[in-house]
Every structure is written in C-alpha cells, then in structure tokens.
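What follows is a short report on a single structure.
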2 protein chains.
Amino acid sequence: MTYQDDPFKANFDSLEEFADRISDLLQCPITIEDANHRLIAYSAHDDYTDPARTATIISRRVPEKVINSLWKKGVIPALLSSMEPVRVETISEVGLGNRVAVSIWKNNEVIGFIWALEADRTLSKDDMELLKKAAKAAKNKVLQLYMRKNKREERVQEFFWKLLTGHITANEEIKENFAMMQIPTAPLFSVLIFRFASDITNDIEKQISYILQTTQQIHVLLYTVDRHDFILLAAPKSTLQPLHELNQFIISFGTKMKERFHVNSIKSSFGGIYETYEHIEKSYKEALTVLAIKEKFPEQTSTIYSYQQLGIYQFFDLLLEKKRQGEFINSSLLKLQAYDEKHHTNLVETFEVFFDHDSNVNETAKALNIHANTLSYRLKRIAEIGEINLHDINQKVKLYIDIKLAKYEALH
Amino acid sequence: MTYQDDPFKANFDSLEEFADRISDLLQCPITIEDANHRLIAYSAHDDYTDPARTATIISRRVPEKVINSLWKKGVIPALLSSMEPVRVETISEVGLGNRVAVSIWKNNEVIGFIWALEADRTLSKDDMELLKKAAKAAKNKVLQLYMRKNKREERVQEFFWKLLTGHITANEEIKENFAMMQIPTAPLFSVLIFRFASDITNDIEKQISYILQTTQQIHVLLYTVDRHDFILLAAPKSTLQPLHELNQFIISFGTKMKERFHVNSIKSSFGGIYETYEHIEKSYKEALTVLAIKEKFPEQTSTIYSYQQLGIYQFFDLLLEKKRQGEFINSSLLKLQAYDEKHHTNLVETFEVFFDHDSNVNETAKALNIHANTLSYRLKRIAEIGEINLHDINQKVKLYIDIKLAKYEALH
DNA sequence: CCTCATTTTGTGGATTTCCACAAAATTAAT
DNA sequence: ATTAATTTTGTGGAAATCCACAAAATGAGG
C-alpha cells in the first residue's frame, strides 16, 4: 500500500472530517482525544467498535476505569514520554480491543491522542508512520480548541473567584452566569480544596486538571488555584450519599496524585454540601476551616475531610473565644490536671483516649499500652478525683470538649 | 418553794446575767437562743450539762441534728404555736437530756427560746410558770439584739447587691467591706438561688432564714431576696468536695422547706465555685443561667443544680446564636428528621435517649419501651440513613448536641 | 534503706452486649 | 386484598465488659 507524501496537507473544516480521513486511509475506527481524554472527534460509519470506544463516544470521555488500566499497563506514560505510536493489546476486563495510539504534541507538551482501533486489520509499520503524521497534522486543529478553551477558562476563573469571595450573591445572577458559561448545574455541590506543600506550579496544575478531567466519580463544575491551594466546585453524582462520594473522591485523588505523579502530602478538605449557589462562599470558608483544624488536630482528624465530619470541632473557634474570656472553667479538669501534675499520672490523657475510642475498653487499653484493668482502675480514679459521674454523658462530653479545647488553646 | 411576784423586774446589764438569775432560781442550767437557734446567752457555773448543750455552747448554735430531731418530735412546732413551756424527754441519739423549753414572744412572733436542763431536779408546775415569766422578761433584751442586727442587715444587704451586680470589683475594697461587716471569709464560695413559685413574703423569708441559720452543712455568708428569688452567698465547709456539699445542701434545703413549712416547688441552683470575691457576679449570673436552662430542659436537668454540672448546656446560648445565623447545619440530623417525618419512625428520639442513657442498651430499651434488638436495629438504620459512623464519638456528640440544640431552639 | 500508699497486672466468673438468623407484626402501595 | 418492604420481637451463642479480689510493681517520703 502506498500513500502520497502528506495525505493531510489538505485543509479540513473540522476534526470530525479529519478523523474520517484517517479512518479511510487506515481502514479502522479512529478517535481523537484531548490531553485529558475528553473526546474531541471520532470517525463515523465504522462497522465494529469495542465496548471501550462505544462508552467513550457515548459519554464523550474515556471511562475512568479504562484510563486507570492504561496507566497501570504503562501505555499512557509511554505516550506522554514519546511521539512514537504505541500498540495496546486487548484488555478484556475493561472492554478494550487491540489498538494503536499516538500522542499529539505542541512543543514539549502532549495536547491530545489519536486512537486507531484494530478492528478488522492489524496496522503495518507504514500505517504507524501514517498515524504519526496524522498526529502532527492534528496539532493545529487541537490547539485551536485548546486556545479557545483557555480564553473561556479565564472568564470562568474570574467568575469562580467572585463566587468564592461572595462578590456575587444574587441567585439569579449566579444562575445566569452558569448558563452563559455553559457550566453544568447540579442539585448538590461543595467546595473542595487540595492544599499542597508548596505553591502549585503550572506543571502540577496540569496534572491535577488531568486527573479531574478523567475522573468520573464526581462532576467538576469549576476550579482555580490559589498559591498552595487547588480549589474546586464539585458536585456528587447522586444525592443519596453525597458525603461518602466526595470522601471517596478525595481519597482516590490523593492516591492517583501519588501513584502517577509522585506528589505526596496533599491536605484535602471540603465544606458543606449545599443546594443553592449562594452558599458557595460558605462552603469555601468551611473547607478552609477543616484544613485549619486538621492542622491543629492531625491525629484525631486524619480521616476527616468534610466540614460535616468535623463534628464538635466545628465550633471550637467560638468556644475558644469564650474560654479566653474566662468562661467554661471546668473544675473537674483542673483537679485532674493538678493530680496528673503532682503524681505524674495520665488521668486526663486516659480519659481523652478512652473517649476518642468510643469508650471501648480494649481499644483504649491497646492505644495506651496498658492492661484493661489498669484502664478501669484509672477511670474509677478519674470519677473520684474529678468529682464526675462516668455514667453521665453530659458531664463526660463536657470534660472531653474541655480537654480538646485546652489542647486547641495551647496551640493557639 | 415560793418566789416573789416578779423575780425578773430588776434590770440586768446583760443576758448572761439574766440567764444566771434564772439558773439560780430554778437550780438548773439555762440557755437562751434566738429564733434561729443561735446561742444568745447561757448560765455559768453549772455542774452538769448534756452533750447537746455543750455542743451548743461551743459552736454558739444548736447542732443541726438536734434541731432536726426537735422538729421531728414536734417540740419546735409546739413552741412556735404556744407560749406555754414544753417538756422534752431525753433523746439520747442526739445527746439531749430531759429539759423544759419556752418561747420568747414579741407580738405574734417568736424571737427566741429559753431552755432549762433538768439536770439534778425535775421542774415543778411553779417552776414552769416562773420560766414563762422569764420568757416575758427576756423579750426586751432579745429584741434589742434583734434590732441592732436588723440595722446591720440593711447595710449588708446593700453591699451584697453591689457584689451581685458587679458594682464593686476591686478585691481590696471587697475584703475591707467583708471585714467591716464582720462577715466571715471563706476559701471557696458560690452564689445560690432558690426560686419560689411566687414572690417571697416576709413570712417565707423568715422560714428560709431560719433554715439557713440552723443548717450547718454550709456557711452562709450573705443573703438577700429578689422577688421570686432567695439569693445567698455560701461557702462549703471543706474544699475537697465543694460541689457535692453544695448539692447536698440544696437537696436537704428543699426537703426541709417541704417538711416543715409545706413550701413546694422550689427551683434551686448555684453558680461556679470560686476563690476570689471578684467572681461573685459571675457566679450569680451562672446560677441564673442554670435556672434558665432547667426551665428549658426539665427532664434532663432535674438532678442538676450547679453550673458545673450543666455540662454542655453551658454553651447552648452561644451555639444557638450561631445556629440562628445558619451555622452548624447537620445533614445527618436533617436526613433523620426527614425519615422520621416520612415514615413515622423515631430515629432521632431513639438516638437522643440512647445517648442520654450513656449508650446503655438495656436502660434505653426500657426507657423507650422497646425490645433491645429493636434498639439495635434502629441504631443500624440511624447509621445508614444519617450517614454517620456510630463508633465515631465525635460525630455522635455533634449529632447529640444538634438534637438538643434543635429542641432548645424550638423553645426559643 | 525501709515503709506505706498508690498503681499496675493478673485471674475467674457473673453479667451484658453483640450479632446472625428467623419469625411475626406492621405499614405502604398497587 | 395482596404484595413487598420495613419494623419489631424472639432465640442462642460468641465476645466483651464488669467487678471483686489478690499479688506484684512502683515511687515518694521519712
């Protein structure tokens, strides 16, 4: 089979036309994606496509499990590091048939991919060369999309910041803007923050953006960057367990950043989950509060990401203020502290850990490295010395809060 | 034995002299008390006195257990209702030997008592008559004491109000006043309030004052009346378990008011227990807070009298304010409430009662009149529907507080 | 160093909790 | 009225908690 020198020198009106042209030449279905695996174009009239391609076209993006599996097999890393086409063997778990892929480059950066599904025939060496040429030819078309998107991005960013800082409060106005910028609406949303150890570089931003675009756990409505913080407005897919979904997303995001880009130590949080847009600022502030509290209680809050789950820590700032004014003097706590001080005991810590572990004897004993009976003896002493009834949940909760508050205050 | 018509017509310099005179005439030890069983005078040179009299003289007041027992035997009620002498048989439990008592009257009011201990001899009918005359003769002397005390009282009252309202804040100044008015000092003190169903009449005030003067559970430093409220500054006897002592006092005060004067439905409270006088106003405010909270949570706080033991309710006003501003939206609670509403279930109440009962399965089941397994089933549902981890004490406490807060808000 | 009070660890048994499973009762919806 | 889902109650056994008692370890003070 022979082709003319550059079969793509003709001008194409659209990328669809371009995809059809490649498909004609190679005799196999073609899909073109951007750097974030969103579908840009695909060839029509194909007889056979595998489930992965079908799903990609339907949802206009590559299914996340497919992306995950391509990362694990090393396909995407290969495409990101070289301009050469890569062949992918069938991965039946995710419905992926044999295919060949090549990356589209602009300077030193990958801005998209072309996939050729080996439906009826296997591509030859020449075919591969052709694909490579196609990738080069696609560059400008893809770039145009990219630039157009960037311009839109800027306007959207500005809008997002206005929302975060409460500069737009009228619900009508917010809705208008959402519609104008073609941001999808959602019944529930929350503001998420990923806080990095250092300022977020363009490079990192792209990596994050990549993961966000490819994830399908949540809907990303808006995002922006503020020094260490990557801030996004996200919507859970279902309204049934929004908390759980956002939590899962945050965890998997952390894992992916670590696995794929070796970015460690990201602190994540999200604020309240709300229905109306006026609450975006509130949700953002709450997400910031979560990070602040996590800073101060790293152990207790290590598995907490949401404002919801902050629980009693939600009102610690408020209580601390009052405490500073001399309120809430807890004589039980004072007595226990005095006793600990004088006799080098650990009554306060014992109570705190016991409560932390939901009053579970075994767990607490293990956590404190003491015998269960030692714990029970200490609890008896705590009741005596602190003049506190250990069956009175009210007194216990107050003591617990006061202990935490004292710690919080110490860290001011 | 015969006496001249009025053996007491001579003028006596002091009540001590007067007591000696009676003692001479009746040939037995004499003690004179005011209406509150404080020792006013006693005859000297007596050979025999019983333990009760000794204790009275030493502590300058009749021991409380003796007063209690005299009430129970009906002696004091008899003395309060008639001018006739009353004979008291030995009450060995409290070290009281045989004796005769008579009350001292001014108009329709008892202002004191004279006690004649039948040490060597039993008083005859004539002796009793003599005692009655002595009581009449004592009237003016006792009254003088009474009046002098009243004048002092007024100044003291004014001072107390200044303390309660924070109009004297300098510790030095407070100390000076305490010394000047001969109010005993104490290392620890608290402000107590007894709130009556209606305004406190002079009559009730006297009854209260009587109980306060005769109690020896605590030291009463100052007291005053404000409409429904009887307010006092009290000091616990020991510094070890001040909370417990004040609690005990409040309970026994209520019992006595009920038993002796049939005064029901007193609401009592006390504020923080402090060391420095500047905190009197604070303690007073706290005592008022306790009463306010008891008003709103009668069941939960029925056994609570102190600000200390208010526990989490201490900061409910604070939290309520924030809640009104839209903070602390607890989606778990919202979901549970919605579920309850829709399916006519009791998940919120179940959780609340369970927590109220210190997470004790049996007690809770009993309180709710359900099977223990029903409770466990409901808890499982609560965890599911509320998206809450029942082993996470933080989430649980938050939910609990939010439930109580919602109730509190409902009662605004 | 010794002594005494306090704290820790150990043992065993009564009691309670937890959990899985199943049957009965109740409720909502067609 | 029938069905299906949810809720309540019951049973039994494993696991955990509680409690009393005792022996060992620790530590402060004379």
Expressed in angstrom and rounded to an integer, what is the separation of A/D340 atom CG from C/dT6 atom P?
16 Å
Please list, chain by chain and in numerical order, all residues satisfying side chain to side chain contact (heavy atoms under 4.5 Å, CB included) with A/D356, sequence neighbours excluded.
A/Q300, A/E352, A/Y400, A/K404
Output all residues satisfying side chain to side chain contact (heavy atoms under 4.5 Å, CB included) with A/S359, sequence neighbours left out; order by chain, then residue number.
A/F354, A/F355
I want to check something: taking the side chain as every heavy atom from C-beta on, are A/T303 and A/Q309 in contact at a cut-off of under 4.5 Å?
no
Carboxylate-amine/guanidinium proximity below 4.0 Å for A/D358 and B/K396:
yes
Would you call the rings of A/Y277 and A/F178 parallel, tilted or perpendicular, where under 30° means parallel and over 60° means perpendicular?
parallel
Might you list the N or O atoms of the protein lying below 3.5 Å from N or O atoms in nucleotides 3-7 of chain D, with each pair's distance?
| residue | atom | partner | partner atom | Å |
| --- | --- | --- | --- | --- |
| D/dT7 | OP1 | B/Y339 | OH | 2.6 |
| D/dT7 | OP2 | B/Y377 | OH | 2.7 |
| D/dT7 | OP2 | B/R381 | NE | 2.8 |
| D/dT7 | OP2 | B/R381 | NH2 | 3.4 |

Applying the Watson-Crick and G-U criteria (both distances under 3.5 angstrom) with [ ] for crossing and | for other-strand pairs, one obtains for DNA chain C ||||||||||||||||||||||||||||||
When rounded to the nearest 0.5 Å, the distance separating NZ of B/K322 from CZ of B/F315 is 15.0 Å
Tell me, yes or no, whether the heavy-atom count around A/E275 atom CD, taken from other residues, nucleotides or ligands under 6.0 Å, exceeds 12.
no
Please tabulate, for side-chain N and O atoms in residues 381-394 of chain A, each donor-acceptor pair with protein atoms closer than 3.5 Å (sequence neighbours left out).
| residue | atom | partner | partner atom | Å |
| --- | --- | --- | --- | --- |
| A/R381 | NH1 | A/E384 | OE1 | 2.8 |
| A/R381 | NH2 | A/Y339 | OH | 2.8 |
| A/E387 | OE1 | A/K335 | NZ | 2.8 |
| A/E387 | OE2 | B/H244 | N | 3.3 |
| A/N389 | OD1 | A/H391 | N | 2.8 |
| A/D392 | OD1 | A/N394 | N | 2.9 |
| A/D392 | OD1 | A/Q395 | N | 3.3 |
| A/D392 | OD2 | A/Q395 | NE2 | 3.1 |
| A/N394 | OD1 | B/I312 | N | 2.8 |
| A/N394 | ND2 | B/L310 | O | 2.9 |

Please check the phosphate of C/dT8 (OP1 and OP2 only) for any side-chain N or O of A/H371 closer than 4.0 Å.
no
Using a 6.0 Å distance limit plus a 45 degree cone around the ring axis, check whether A/K407 lies over the aromatic ring of A/F297.
no
Just the rounded figure in Å: distance from C1' of C/dA5 to CD of A/E384.
14 Å
Regarding A/K296 and A/E409, does a basic nitrogen lie under 4.0 Å from an acidic carboxylate oxygen?
no
Once you round it to whole Å, what is the distance between P of C/dT6 and NZ of A/K380?
11 Å
Distances for protein N or O near nucleotides 16-27 of chain D N or O, under 3.5 Å:
| residue | atom | partner | partner atom | Å |
| --- | --- | --- | --- | --- |
| D/dT17 | OP2 | A/N362 | ND2 | 2.7 |

What's the verdict on side chain to side chain contact (heavy atoms under 4.5 Å, CB included) for A/K237 and A/Q216, showing C-alpha distance, side-chain angles and the deciding distance?
CA-CA 9 Å; A/K237 292 227 150 179; A/Q216 279 139 44; 4.2 Å; yes
Between D/dA28 (P) and A/E341 (CD): distance, integer Å:
13 Å
For A/N346 and C/dT6, give me the distance from atom CG to atom P, rounded to whole Å.
18 Å
